[in-house]
Amino acid sequence: MRFVDEFRNEADVQALAQAIGGVVTRPWTLMEICGGQTHTLIKYGLDRLFPEQVTLVHGPGCPVCVTPLELIDRAIAIARRSEVIFTSFGDMLRVPGSSTDLLSVKAQGADVRMLYSPLDALKLARANPDRPVVFFAVGFETTAPANAMAVWQAEKEGLENFSILCSHVLVPPAMEAVLGSPHNRVQGFLAAGHVCAVMGYHEYLPIAEKYRVPVVVTGFEPVDLMQGAHMLLQALEEGRHGVENQYARVVSREGNVPAQRLLREVFEPCDRPWRGIGVIPQSGYALRPKYARFDAGKRFDVDGITATEPAECIAGQILQGLKKPHECTAFGGRCTPEHPLGAPMVSSEGACAAYYHYARVR
Amino acid sequence: MSGKTVVLEGPSCPIPIQEYPHILMGHGGGGRLTQMLIEKMFLEAFRNPALEQLHDGAVLDVGGARLAISTDTFVVSPLFFPGGDIGSLSVHGTVNDLAMCGAQPLALTAAFVLEEGLPMDGLWRITRSLQAAAEQAGVRVVTGDTKVVDRGKGDKIFINTTGLGLVAPGVAVSPRNARPGDVVLLSGAIAMHGIAIMSVREGLEFGTTIESDSAALHGLVADVLAAAGPGAVRVLRDPTRGGVASALNEIAAACGAGICLQETAIPVHEQVRGACEILGLDPLYVANEGKCIAIVAPEAAEEALAAMRAHPLGREAAIVGVVTEEHPGQLLLRSRVGGLRVVDMMSGEQLPRIC
């Protein structure tokens, strides 16, 4: 497969592992921001190819994991209404809310449907004019443009039975939250390539400058990650900070400008709670007043629903790189994909799921 | 995952029912939830030596003959898909379950649950397809049943087939028979059925039509059994729901040994791999309906492989792994970049990723 197989080449990966071994002289702690990158690292066993001095910690870049508990409870409350067709990406269906999850609600009779695109929710709304169709708009800057497009299109068409439960989060404020924490141990970032494909990487330049850290925009294949890590470790060893771009085949400095224009048209930044982490200022997207009538939270009056996290789950510490999944006392025992305490154990981008599925070698 | 407590009267259900007060789709996905349902509920209720084998079918001694019996219910949507339909599939599925017991299929039953309003011409097409598949497989449909349910109480049509077959003397396959040193063979490229179904169900277009691999495998299996020689074929399994990963996990658990796959050796067609990449699915967990896994003694591996490749349904057969003493009960995979990782039993259904 072109543009995939080249980046899963064993000889290239091993050569980069050797090069990394040749560069590292001191202990370093790196964070890959995106859960997709965490999964590549663990699934391909790349984490075992690094020298012992290099610690890889896993970042907050799993949209499913950081969706607040109350938003899942709100989604469930909307989905339970008999008139509603509730739609979502597959990932969100299994994530536990306070007392249940969307798949279980579906099993009890709710009309919950898995979609591949928010534009499919528009099709459903057109085909079912007498029923409200709600899309669970979850994700980072990667999925936000398609969701913005769905809202923009609904407004243009005057589709009154379509709305979104908006749960978008933004990467740069999360990086600042990690770096600004008194417990921070991250010395360099592998930035999420697909986020940068939309937003460019110019947003990271002030962060790299303010906290004097190197950031390498990195892709998702094994060779990408090894090359990104090599670039990052070289920068650290040489005392450089700033932003470098490993993923130049996809990412430019300015990113996808028309997509950014659409995002600005439909959304505005807002303060946003992250599951397990807390409120990060200006780290989410809310619908602008012009599009407020497409806000499912308001339309179904569920904004007041609040929730409390289970005390035992340390997902927040894992998402900030403060702990690794196997350092959790509940990992693999009281917390499994069948009986999860937190979202990182069930999300296909969750760090706990990566360790549970790929790394429990007996 | 619900915190709601369910109070049941009578003997208590061994499933942790507080967590699963309702059946989820994942209970039929072929992964860990399915396994839990079978082992904790059905096996618990019906326990007997034949059922405890947890094989694709049961082999019973009847008057000196070894009779294989297997049953399967087909609920596929849509009813017609690239490479097949529910009629032919309901023959292939049961014939293959018999074949995986090492049996030569003899006869089938066919039971139809029809939903009020089902177009008669569609039912006729399905019936003709079932008939053609049975003829091609050399099995007769000898009895059956018809029920009609109210509109909205079924999904157009469900078909159950039960098959009877005869196991030849000297053939003894069971998931428990695999032992360290044995070789894992796969009869061809994986994940075609699941992706073919998904492409029509979800209206996805991949720029090329991916066809289901639905086919009857008893001829291929007979050739492999003959080529490998007595006792050399230890395990046969068709990796349907839950795919190759779930089938091999079950075998590893049953035999108590480890199984290690070589990722680069596993045949996956380019367009299937591309579709899986786009959807964020792992082809190892995607369903197949015309492929078999054979675990054979190392000394017979080349003969078995040659027999597979000589059969029209096994041209892309490959040796994909070995049974090991290490990692007992686990399935591992040597990745294409040289790393070693666990291939776990699927937890529920495989759900496409957000990004």
Side-chain angles (χ1 to χ4, degrees), chain A residues 1 4-5 8-10 12-14 34 36 42-49 62-64 89-94 96-101 103-104 106-108 114-116 120 138-140 142-143 194-195 222-223 226 336-340 346-349 353 356-362, chain B residues 1-4 16 18-27 31-33 35-36 198 202-204 245 258 263-264 268 270-274 276-282 326-330 332-355:
Chain A
M1 213 181 321
V4 174
D5 289 343
R8 294 180 188 172
N9 180 299
E10 181 171 7
D12 290 345
V13 168
Q14 295 297 343
C34 172
I42 308 299
K43 182 174 173 180
Y44 288 94
L46 302 179
D47 54 326
R48 296 165 198 222
L49 301 177
C62 165
V64 173
F89 291 127
D91 272 29
M92 282 309 298
L93 300 180
R94 243 200 311 253
S98 293
S99 64
T100 186
D101 58 85
L103 278 183
S104 298
K106 175 174 180 274
Q108 290 162 38
M114 185 186 79
L115 300 183
Y116 292 86
D120 290 340
V138 172
F140 281 88
T142 44
T143 53
H194 53 2
V195 168
V223 171
M226 295 303 285
T336 64
E338 290 77 36
H339 306 122
V346 279
S347 166
S348 55
E349 293 182 49
Y356 187 89
H357 288 304
Y358 303 134
R360 284 177 309 130
V361 179
R362 288 198 286 268
Chain B
M1 280 171 249
S2 165
K4 192 174 150 194
Q18 280 84 353
E19 280 115 24
Y20 298 103
H22 300 272
I23 285 289
L24 305 180
M25 289 304 291
H27 283 113
R32 196 172 272 132
L33 287 185
Q35 195 183 31
M36 186 180 78
M198 200 172 291
E202 311 295 347
L204 303 170
E263 186 177 16
T264 49
V268 190
E270 202 65 357
Q271 60 270 41
V272 171
R273 206 148 69 88
C276 287
E277 285 289 333
I278 289 166
L279 297 172
L281 302 176
D282 187 337
E326 297 161 324
H327 318 299
Q330 274 196 306
L332 280 90
L333 177 126
R334 179 74 57 191
S335 79
R336 60 181 66 240
V337 300
L340 187 70
R341 67 146 164 124
V342 173
V343 181
D344 200 16
M345 194 80 171
M346 205 165 50
S347 295
E349 288 180 286
Q350 214 184 178
L351 298 174
R353 291 169 41 171
I354 284 181
C355 55

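Since the model is a prediction, treat every value here as computed from it, not as a measurement. Labels below follow one simple rule: chain letters A, B, ... track the order of the sequence lines, proteins then strands, and each chain is numbered from 1.
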_Checking A/Thr100 against B/His22 for the side chain to side chain contact (heavy atoms under 4.5 Å, CB included) test, could you report, in this order, the C-alpha distance in whole Å, the side-chain angles of both residues, the deciding distance, and whether it holds?_
CA-CA 11 Å; A/Thr100 186; B/His22 300 272; over 6 Å; no
*Can you check side chain to side chain contact (heavy atoms under 4.5 Å, CB included) on A/Glu338 and B/Met36, steps first, answer last?*
CA-CA 11 Å; A/Glu338 290 77 36; B/Met36 186 180 78; over 6 Å; no
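For chain A, the nearby part of B/Leu33 is the side chain; its heavy atoms alone come within less than 4.5 Å. At a 4.5 Å heavy-atom cutoff, the contact between B/Arg32 and chain A is made by side-chain atoms alone. Proximity to chain B (any heavy atom under 4.5 Å) is shown, for A/Leu115, by neither the backbone nor the side chain. Interface remark: A/Arg360 contributes backbone and side-chain atoms alike to the contact with chain B (heavy atom separation under 4.5 Å). If you measure heavy-atom distances from B/Ile23 to chain A, the contacts under 4.5 Å come from the backbone alone. For chain A, the nearby part of B/Glu263 is the side chain; its heavy atoms alone come within less than 4.5 Å.
Of the listed residues (A/Asn9, A/Val223, A/Val13, A/Asp12), just one forms a side-chain contact (heavy atoms from CB on, under 4.5 Å) with B/Val337, and that residue is A/Val13.
Although no hydrogens or angles enter the test, the distance criterion places a donor-acceptor pair under 3.5 Å between the side chain of B/Arg341 and the main chain of A/Lys43.
Between B/Leu24 and A/Ala107 the shortest heavy-atom distance is CD2-CB, 3.6 Å.
Looking only at side-chain heavy atoms (C-beta outward), A/Leu93 and B/Met25 stay at 4.5 Å or farther from each other.
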